[in-house]
2 protein chains.
Amino acid sequence: MSKASVYDVAREAGVSISTVSRSFTSPEKVSAKTRAKVMKAAEAMNFTVTHTAASLKTGRTFRAALLVGNERLDWFGSLVREGLDSILHPAGYDTSIYPIGDSEEQEHFFAELPIRRNVDLVFVSSFDITSKETSRLSSINVPIIGINVESNHDLDGSVKIDDAKGIQLAVNHLLTLGHRNIAYMHISPKSSLHFSSLNRLQGFLEACRQWPEPVKTELIKLQPGQDVFSSFISQLQSMESRPTALCCQDDSVAIPLLFKLNRFRLTVPGNLSLVGFDDSTYADKIGLTTIRQDPFDLGAKAGSLALEFLKKTPPKNPYITLDTQIMIRNTTAPIEDTRPLDKWACNS
Amino acid sequence: MSKASVYDVAREAGVSISTVSRSFTSPEKVSAKTRAKVMKAAEAMNFTVTHTAASLKTGRTFRAALLVGNERLDWFGSLVREGLDSILHPAGYDTSIYPIGDSEEQEHFFAELPIRRNVDLVFVSSFDITSKETSRLSSINVPIIGINVESNHDLDGSVKIDDAKGIQLAVNHLLTLGHRNIAYMHISPKSSLHFSSLNRLQGFLEACRQWPEPVKTELIKLQPGQDVFSSFISQLQSMESRPTALCCQDDSVAIPLLFKLNRFRLTVPGNLSLVGFDDSTYADKIGLTTIRQDPFDLGAKAGSLALEFLKKTPPKNPYITLDTQIMIRNTTAPIEDTRPLDKWACNS
DNA sequence: ATGAAAGCGCTAACAG
DNA sequence: CTGTTAGCGCTTTCAT
C-alpha cells in the first residue's frame, strides 16, 4: 500500500509528526537514535514524502519549466534538456517541457501563464520570444534563464555561445589554409529566422572582410526540404568564379552534402574544403571539420545559474557566453592540395 | 504579483471560494453569468490554479515519470519523450525523466522509490529492468507502461515494435533481390545487452534460415567506439566467401560505414547492398535503405494508453506492438548489379 | 446554483 | 532534541 503518511510513521516510530518530517528535511536537527527509529518505520511502511504537500507549505514546487519552440526537439534541444536535468534533478527539481509553438499556442501561453505559481524556475531555450513576452513572463516572479536566446532583456541569467565568433574560427582556418574564395551555405532565413543563423551568416561575412587580403565570398541559399547537393551544384553554375571552400550553417547541411559529394566522386577536401557547425551526431565518425558547441554544457550551466538564484546569492555575472572550438578533421586542406573547383563542377 | 489565491478572486468577484474553484474545475456547475464574473476577476488578478494545492485534495499529482537508462538520450529516447509529451501535456500532465543508470543508482531508486505518491503515471523506456524491479515498482499503485521493454510482466500496458519482424523485412528484401550471402553487423552484445539488439540478431539468423534456398550468413562484431569501416574491412579478410549484402543493427552503424565506403570508392550498392535499421536522422537525406520505426508514435501510444487507465476504463488490449516498415532507397540493388565483393575488398 | 466548513499531508514557528 | 499547533491553497461534501 502506498498510503503511509507522516502520521502513520510517527505512530509506528513512537514520535511526533514533526520529528518524522524533520528526519527527512533536516536530519541534523534530530538525534541519530530517533532518526534511525523513524527511518526504520518509514522503510517498513514504504513511506515517501509527498512533494505536493510539502510544496504547499514551503511555497517551493521543485518544478522547472523549459520553454522551447515547437520544432521537433533536435540534437541541440535534447542535449540542452539533458544538461539541465543533470544539474536540476539531483537538486530535487523536475523539469518539464512546454512547447510554445505556433503563434496561437504562444499567445495563449503568455496570456494564461499556466506555469505561474507552479514552477520555481523558468528556462527559455532558443526560440523567438518577443521582449513583450519575456517581460510578461517575468511577472511570475521566478528566475528566468535564457539558453541561446538573443537578448538578455528581462532575463535573470543566460547562457549562450557566440555564433559569429564560432564561424570566424572556421573562416580563419580556411583563410590560413590559403583559401580566398569561400562560399557560405545557409537555409533561407525567411523560413527560419533564428537569430543564431543570422549571426553566423554575418559572422562569416565579417570574418572574410577583416582579412588583410581580398577574399571572394559566395552565398548559397537553401530552401528548407530542398536537396542540399542539387542546390549546391545548381548555384555553382551561376557563380563567376568557383569557391575552393565551403562553410555550412550547421552540420545538418554539411553532412548530407559531404555524403553526396563523396558519392558522386567529388572529393573533399580534394576539390573542396568543407566546414560544418555544431559538432553534432556523426561529425566525429565521419571526420567533418566543424565548430564545436556543447548544448549539454549550455543546459548544465543554465541549471547551475538557476540554482544560484534560488540560494538568494545572485551570481555576480549571470550572463554567460561559452566558447566554441574548431575541430579540425578530414574535410579541410591547404589550397595547394585543392584542385580548382571548375574542373569538375560543370559536367557533373 | 503572483500571489492571488482563490480567496482574492472570490473577494474580487463577490462570490465564495467554492465558486471560484468550481469555475475552474467543473465550469458546468456554475451559472454562465457567475463564471464570467469569476473569470474576469481571475484574469485581472493573474490568477492561476496552484496544482500542488489541488493535488493535495484530489490525490492526483498530474505528474508522470519516464524511467530511462542512463545512456545519453539518443534519437530514440528523445523522440519517445516527445511523443509521450504530445499526449500527456495537453492532458495536463508534466513528464519528468528519471535516469536510472548505473546499478548503484538503480538500486537506490528502487529501494527508495522516490516517485511513490509523487506521480500518477510511470513509463519505463527500453532499459534493462529486472522483473523484481518491475514488481517493486508496481507497489506504488499507479499505471506502469513499458515502452520497448522485453517482458510485459507486471506492466499494466506496453508499446513496442517487433525487432525480429523488422529485420526480417530487410532480409527478405535482400533475398528477393537475389542476395544469398548476407552479413550482419552488430555491436558486441557483451557491452550493450539490450534485448532489442539480441532480437534483431536472432531475427536475422532466423529469416535467413527460413528461406527455401541455402543462404550464407556472416556475423561482424563491432566493439563500441571502434571504427566501423576498419572493423568491416578487417573482418572481411577472414571470411571464406564475401557477402554481397550487409544488414546493420541500426542506422548509427550503417551511416558511418556507408560514408566511409563512398569515400574510399567502394560503391554501394555497386559492390555491396546495405540496409540499416531505425530510419533515423540523415537516413532519408542520404538515401539509406532501412527499416523504419517511429519512436514518437511509440511514446504517443504509450501516453494514450496511460490516460485510458486513469479513466478507470482499462483498455481491452493494453499490450501494443507497432509495425515497422521497410524504406527502400538507394543502398540496395539486385544481385546482378552487384560486382563480387572480393574484387575490391582485399586490396583496399 | 451557491456557500460554509472540513480537511488533503506536510512544514515551521513556537514551546517546552 | 522533541512535541503542539497553525496553516499552505485548494476541492468537496453537505447544507441552503
Side-chain angles (χ1 to χ4, degrees), chain A residues 1-39 41-42 45-63 92 114-120 140-141, chain B residues 1-39 41-42 45-63 92 114-120 140-141:
Chain A
M1 284 292 77
S2 58
K3 305 203 67 103
S5 75
V6 276
Y7 286 94
D8 302 306
V9 177
R11 193 182 336 102
E12 186 76 10
V15 297
S16 77
I17 57 163
S18 355
T19 303
V20 175
S21 173
R22 271 192 287 259
S23 301
F24 283 91
T25 53
S26 26
E28 74 282 2
K29 292 186 175 171
V30 175
S31 78
K33 211 165 64 181
T34 318
R35 195 173 63 239
K37 261 198 312 196
V38 171
M39 290 317 199
M45 313 178 79
N46 274 328
F47 169 80
T48 317
V49 173
T50 301
H51 286 316
T52 55
S55 295
L56 198 48
K57 193 68 204 173
T58 60
R60 307 179 69 183
T61 62
F62 283 100
R63 296 199 194 204
I115 56 175
R116 177 190 298 281
R117 299 206 298 164
N118 288 309
V119 300
D120 299 338
I140 74 179
N141 272 335
Chain B
M1 283 293 75
S2 58
K3 306 205 64 109
S5 76
V6 275
Y7 287 93
D8 302 307
V9 177
R11 196 183 330 107
E12 186 75 9
V15 297
S16 75
I17 57 162
S18 347
T19 305
V20 175
S21 174
R22 272 192 285 258
S23 301
F24 283 91
T25 53
S26 26
E28 73 283 1
K29 292 187 175 170
V30 176
S31 79
K33 213 165 65 181
T34 318
R35 195 173 64 239
K37 260 198 314 198
V38 171
M39 289 317 199
M45 310 177 81
N46 275 326
F47 169 81
T48 317
V49 173
T50 301
H51 287 316
T52 55
S55 296
L56 198 47
K57 196 68 208 175
T58 61
R60 306 179 69 184
T61 62
F62 282 101
R63 297 198 193 205
I115 56 176
R116 177 191 298 279
R117 298 206 299 163
N118 287 309
V119 300
D120 299 337
I140 74 178
N141 271 334

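These figures come from a predicted structure and were not determined experimentally. The sequence lines fix the lettering, A, B, ..., with proteins before strands; numbering per chain opens at 1.
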Would you indicate what [X] reaches in the nucleic acid, counting non-hydrogen atoms under 4.0 angstrom: base, sugar-phosphate, or nothing?
X: V15(B); result: sugar-phosphate
X: S21(A); result: base
X: S18(A); result: base
X: F47(B); result: sugar-phosphate
X: T25(A); result: sugar-phosphate

OG1 on T34(B) to CE on M39(B), rounded to 0.5 Å: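 Between atom CE of M39(B) and atom OG1 of T34(B) there are 11.5 Å.
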
Gap separating the NE2 atom of H51(A) from the CD1 atom of I115(B), nearest 0.5 angstrom: 10.5 Å

What is the distance from [atom1] of [X] to [atom2] of [N], rounded to the nearest Å?
X: Y7(A); N: dT4(D); atom1: OH; atom2: P; result: 11 Å
X: R11(A); N: dC10(C); atom1: CZ; atom2: P; result: 13 Å
X: I17(A); N: dC8(C); atom1: CD1; atom2: C1'; result: 13 Å
X: R60(B); N: dC10(D); atom1: CZ; atom2: C1'; result: 15 Å
X: M45(B); N: dG9(D); atom1: CE; atom2: P; result: 13 Å
X: D8(B); N: dC8(D); atom1: CG; atom2: C1'; result: 14 Å
X: N118(A); N: dC10(D); atom1: CG; atom2: C1'; result: 12 Å
X: F24(B); N: dC10(D); atom1: CZ; atom2: C1'; result: 12 Å

Residue-phosphate contact under 4.0 Å: [X] side-chain N/O, [N] OP1/OP2:
X: T52(B); N: dC10(D); value: no
X: S5(B); N: dC8(D); value: no
X: T50(A); N: dC10(C); value: yes
X: R117(B); N: dC10(C); value: yes
X: S16(B); N: dG3(C); value: yes

Given DNA chain C, 5'-ward residue of the pair S55(A) and R35(B), judged by closest heavy atom: R35(B)

Residue R22(A), side-chain atoms from C-beta onward, closest of dC10(D), dA13(C), dC10(C):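 It is dA13(C).
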
Among dT5(D), dT11(D), dT2(C), the nucleotide that comes nearest once only the side chain of V49(B) is considered: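 Side chain of V49(B) sits closest to dT11(D).
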
Derivation and outcome, side chain to side chain donor-acceptor pair (under 3.5 Å), residues D120(B) and T61(B): CA-CA 6 Å; D120(B) 299 337; T61(B) 62; 2.9 Å; yes

Side chain to side chain donor-acceptor pair (under 3.5 Å) assessment of T48(A) paired with R117(B): CA-CA 7 Å; T48(A) 317; R117(B) 298 206 299 163; 5.8 Å; no

Any N/O donor-acceptor pair, K57(A) side-chain to dG9(C) base, under 3.5 Å: no

Toward the 5' end of DNA chain D, by each residue's nearest nucleotide, S26(B) or K33(A): K33(A)

5'-most by nearest nucleotide on DNA chain D - T58(B) or L56(A):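 Closest to the 5' end, via its nearest nucleotide, is L56(A).
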
D8(A) side chain to A41(A) backbone, donor-acceptor under 3.5 Å: no

N118(B) side chain reached by R63(B) side chain, heavy atoms, under 4.5 Å: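 Sidechains of N118(B) and R63(B): no contact.
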
